[in-house]
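The structure under discussion appears below in the form of C-alpha cells.
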Amino acid sequence: MLEIQKIRENKDLIINRLNEVRKIDLKETINKLYSLDEQKRETQQKLDSSQSELNMLSSKIGELFKAGKVEQANELKAKTSKLKDVIKQNKEDFTDLESTIHELFCLIPNVPNELVPAGKSEDDNEIVSSQEINKEQFKSFIPHWDLCQKYNLIDFELGVKISGAGFPVYKGKGARLQRALINFFLNEASKMGYEELMVPHLVNSKSGFGTGQLPDKEGQMYHAEMDDLYLIPTAEVPITNIYRDVIVNAKDFPIKHVGYTPCFRREAGSYGKEVRGLNRLHQFDKVEIVQVTHPNSSYETLEEMVKYVESLLIKLELPYRKLKLCGGDLGFTSALTFDLEVYSPGQDRWLEVSSISNFETYQANRLKLRFKEENKTKLAHTLNGSALALPRILASLLENNQDEKGIAIPKALVPFTGFDRIDN
RNA sequence: GGAGAGUUGGCAGAGUGGUCGAAUGCGGUGGUCUUGAAAACCAUUGUGCAGCAAUGUACCGGGGGUUCGAAUCCCUCACUCUCCGCCA
C-alpha cells in the first residue's frame, strides 16, 4: 500500500508513472483519494476539538460532584448531550472516510522504480543478459514429461487420481532429486547468511493482506473456509509476516531469512501447453529468500540477491537469462523485479524459475514494519526472491542433461542425490 | 469435543467508574563514577492520527453498549492458557 504522504506530495507524478509504465489509468481513483484525505483531516480536526470540549466538561462535572455541588454539575451534564451528538456524527463520517480511503488504496499498485521499462505485457520485458543457445544441438532432445515417464521419475496420472491435475507424484530418483535440490538450495542460502526457517503452510487473512495477496489475489489461493485459513502460495507470506506490527532494531539490518515450503496455487484460467508436465502446478516446492533492509540499501540488496540466485543456476550448469520486468508485467506490490528463466531444450522455450523483487515500503506499510532512526519511526524495505522454484528447475535439468541412455546429474548436486546418473 | 481461567506498555506485573497513557520491577538509551568493565547512582524511555508549532486526540485483545465520564460495568467475537477426552 502506498503511503498517504506520497500521494499528498506527488499525486500527479504517481498518476503519470502508473499510466506510462504500468499502462493503467488511476487518475480518477487517486484524485478521489486525495480529496477524501483532505476531508478526513478536516473531520478529524472537528472531532478532536469537540472531543476535547467534552473531556473538559466531564472533568469539571467530576470536580463539582466531589465538591458536593450537585446542581451545577447537573447543569453541565445537560450541555453534554448536544456535544455527544456532534461527536457521534463526526466519528461516523470519519470511519466512513477511513474505510473508503482504505478501499481505494487497495486498488493502487506500487509505483515502479525509474529503472522499470514501460510496457504492457511480458513481451515488453527487457532481456538484461542471456546465454547463447545453440538450438541445433538440442534437435533430438525430448521434453521432461517424456523423460519422467521413460525413467519413472514422476507419475502425473497418479497425482490426478489422488488430487487432480497439477499435483504430481515424484517417485524414486525423481523424489530423491527433489529432496537433493531443496537441501542444496537451503545449504547455499545458509552459507550466504540467510537464517533458515520452517514456517506454517496455512496463514490467516491478516497475513494474506500484509504481503499483498489479499484482497488482490484472493482467487489464486486455496481457502480453508471452515477455519478461514489460506494455503500459502509462497513462503514469502509467512516469512515476511513475521515482521507484521514490528519495529525492528536498525542494527539488525539486513534481516535475511530462507525457508523451504510447498506452495499452493489455484492457477484459475490456465490451460494448454502452459500447464503441461511441470510447467505449472497447483502444488510445488520452493525455497524462498526474504530480506528486510534499510531504505537506503534495498537496491544494493536486490542486486546482491539476483547475483546470488544466478550463482545457483551457474552451479547447476543450467542455461539461463535475466529479465527486467516491464511495468505491465510487474507484480502489483513490486517496485522493481528481475526474473530468471532457464532454457528448456525439450520445449524450446524459457521457463521462469525465479522472481526477485524490491517492494520498497509497499508491503512494509501494510505490515506496519518499521525501524527507528533519529528518533523517528520509518518504514523498512522488504524484498524477496525464489532461490529457487523446483519444478521448472527439474524440468530444465532433466532436459538439458539428457543423452540416449539417461540423464547426468550436475556435479554440485551429486553429494545431495547420492547418484550421478539416472538411467534404466 | 467438554469444563474452567485469562488477554494491560519490549517483558513481568499492579490497577474494579473521574486525579490513569497507566504504579512497580526488569530491560533499552544517555550520563556520573572507573585505567577499562561490573556494580551503584541520576536522567530518559509506547504507538497512531491531526497540527508549522504549542498542543490536541485516540489506543489497556477486536467490535458494540451503559455513563457527564470506562483499562475498570454490560453484551459479543477472537485468541491464549490449564484440566479432561481424542491423537502423530
Side-chain angles (χ1 to χ4, degrees), chain A residues 1-9 33-105 198 200-210 214 223-230 238 241-253 255 262 292 361-380:
Chain A
M1 193 142 48
L2 293 183
E3 297 138 87
I4 187 67
Q5 208 61 35
K6 286 188 180 165
I7 289 189
R8 281 179 201 157
E9 288 165 10
L33 191 59
Y34 185 86
S35 72
L36 286 176
D37 174 56
E38 283 188 324
Q39 280 181 52
K40 184 185 139 192
R41 285 190 278 171
E42 262 173 49
T43 310
Q44 180 175 352
Q45 288 188 7
K46 280 193 228 160
L47 177 63
D48 279 2
S49 67
S50 30
Q51 191 65 254
S52 167
E53 204 178 322
L54 182 67
N55 287 346
M56 258 171 51
L57 282 173
S58 292
S59 71
K60 261 187 208 162
I61 291 169
E63 279 166 33
L64 288 171
F65 269 125
K66 228 178 235 172
K69 298 174 179 170
V70 180
E71 230 171 84
Q72 288 181 43
N74 283 333
E75 258 171 57
L76 285 184
K77 259 201 211 181
K79 268 189 169 178
T80 60
S81 76
K82 225 188 235 169
L83 202 51
K84 277 167 80 179
D85 287 342
V86 173
I87 288 170
K88 198 179 167 191
Q89 186 59 51
N90 281 335
K91 224 180 223 167
E92 246 170 58
D93 293 348
F94 186 78
T95 48
D96 283 353
L97 283 165
E98 238 179 1
S99 72
T100 313
I101 285 170
H102 184 262
E103 278 167 31
L104 290 177
F105 260 123
M198 287 193 92
H201 299 167
L202 281 86
V203 295
N204 57 30
S205 54
K206 269 191 185 169
S207 295
F209 177 79
L214 293 174
H223 186 199
E225 283 180 34
M226 212 180 284
D227 296 294
D228 195 20
L229 292 171
Y230 294 84
N241 270 281
I242 291 171
Y243 296 97
R244 171 152 49 82
D245 295 320
V246 170
I247 299 178
V248 299
N249 196 329
K251 280 187 251 166
D252 295 335
F253 286 145
I255 296 168
V292 180
T361 57
Y362 194 88
Q363 287 184 331
N365 191 31
R366 289 178 164 224
L367 293 159
K368 301 289 165 249
L369 161 50
R370 293 160 295 171
F371 68 101
K372 285 216 164 146
E373 190 172 65
E374 292 160 359
N375 277 330
K376 279 185 184 164
T377 52
K378 301 177 181 174
L379 293 169

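Predicted model, so just to flag it, every value in this text is computed and none were measured. So you know, we letter chains A, B, ... as the sequences are listed, proteins then strands, and number each from 1.
- Side-chain nitrogen and oxygen atoms of A:Arg370 include at least one within less than 4.0 Å of the OP1 or OP2 phosphate oxygen of B:G48.
- For the pair A:Arg8 and A:Tyr34, the cation-pi criterion (under 6.0 Å, within 45° of the ring axis) is not fulfilled.
- Using the Watson-Crick or G-U wobble rule with both distances under 3.5 Å, B:A88 pairs with nothing in any strand shown.
- Atom CG in A:Asn90 sits about 14 Å away from atom C1' in B:A50, given to the nearest Å.
- In this structure, A:Leu54 atom CG and B:A70 atom P are separated by 8 Å, rounded to whole Å.
- Taking only side-chain nitrogens and oxygens, A:Ser59 never comes nearer than 4.0 Å to OP1 or OP2 of B:C68.
- Between the CD1 atom of A:Ile87 and the C1' atom of B:U57 there is a distance of 11 Å, given to the nearest Å.
- Nucleotide B:U44 is matched to B:G28 when pairs are restricted to Watson-Crick or G-U wobble geometry with both distances under 3.5 angstrom.
- Nearest-nucleotide positions on RNA chain B for A:Gln44 and A:Lys251 put A:Lys251 closer to the 5' end.
- Both distances falling under 3.5 Å, in either a Watson-Crick or a G-U wobble arrangement, place B:G4 opposite B:C81.
- Shown here, B:U66 forms no base pair; nothing in the strands shown gives a Watson-Crick or G-U wobble contact with both key distances under 3.5 Å.
- Pair assignment for B:U34: none, as no Watson-Crick or G-U wobble contacts are both less than 3.5 Å.
- Side-chain contact, A:Ser207 with A:Asn204: a donor N or O sits under 3.5 Å from an acceptor N or O.
- Look at CG on A:Asp228: it is 14 Å from C1' on B:C79, rounded to the nearest Å.
- Residue contacts for A:Lys372: at a heavy-atom cut-off of 4.0 Å it reaches the sugar-phosphate backbone alone, with no base atom in range.
- In this structure, A:Lys6 pairs ionically with A:Glu3, as a charged nitrogen and a carboxylate oxygen lie closer than 4.0 Å.
- A:Ser49 comes within contact range of no nucleotide atom at all, as no heavy-atom separation falls under 4.0 Å.
- For B:U72, there is no paired base (Watson-Crick or G-U wobble, both distances below 3.5 Å).
- At a threshold of 4.0 angstrom between heavy atoms, the contacts of A:Leu76 with the nucleic acid are absent.
- Checked options A:Glu38, A:Gln39, A:Lys40; the residue passing with A:Leu36 is A:Gln39 (criterion: side-chain contact (heavy atoms from CB on, under 4.5 Å)).
- A:Lys66 places its NZ atom 12 Å from the C1' atom of B:G69, with the value rounded to the nearest Å.
- Regarding contacts with the backbone of B:U57, a side-chain N or O of A:Ser52 is found under 4.0 angstrom from either OP1 or OP2.
- The phosphate of B:G69 (OP1 or OP2) has no side-chain N or O of A:Lys77 nearer than 4.0 angstrom.
- Counting non-hydrogen atoms under 4.0 angstrom, A:Lys60 reaches nothing in the nucleic acid.
- Between A:Gln51 and the phosphate of B:A58, there is a side-chain N or O to OP1/OP2 separation shorter than 4.0 Å.
- Between the NZ atom of A:Lys88 and the P atom of B:U66 there is a distance of 8 Å, given to the nearest Å.
- Around atom CD of A:Glu71, no more than 12 heavy atoms belonging to other residues, nucleotides or ligands sit under 6.0 Å away.
- One can place CG of A:Asn204 at 20 Å from P of B:C77, the figure rounded to the nearest angstrom.
- Judged purely by distance below 3.5 Å, without hydrogens or angles, the side chains of A:Gln89 and A:Asp85 never pair a donor atom with an acceptor atom.
- Between A:Asn55 and the phosphate of B:A58, there is a side-chain N or O to OP1/OP2 separation shorter than 4.0 Å.
- The nearest whole Å value for the distance from the CG atom in A:Asp37 to the C1' atom in B:C49 is 11 Å.
- For B:C49, the OP1/OP2 oxygens have no side-chain nitrogen or oxygen of A:Arg41 closer than 4.0 Å.
- Each of A:Phe94 and A:Lys84 has a nearest nucleotide on RNA chain B; the 5'-most of these lies closest to A:Phe94.
- Pairing for B:G56 goes to B:C49, judged as Watson-Crick or G-U wobble with the two contacts each under 3.5 Å.
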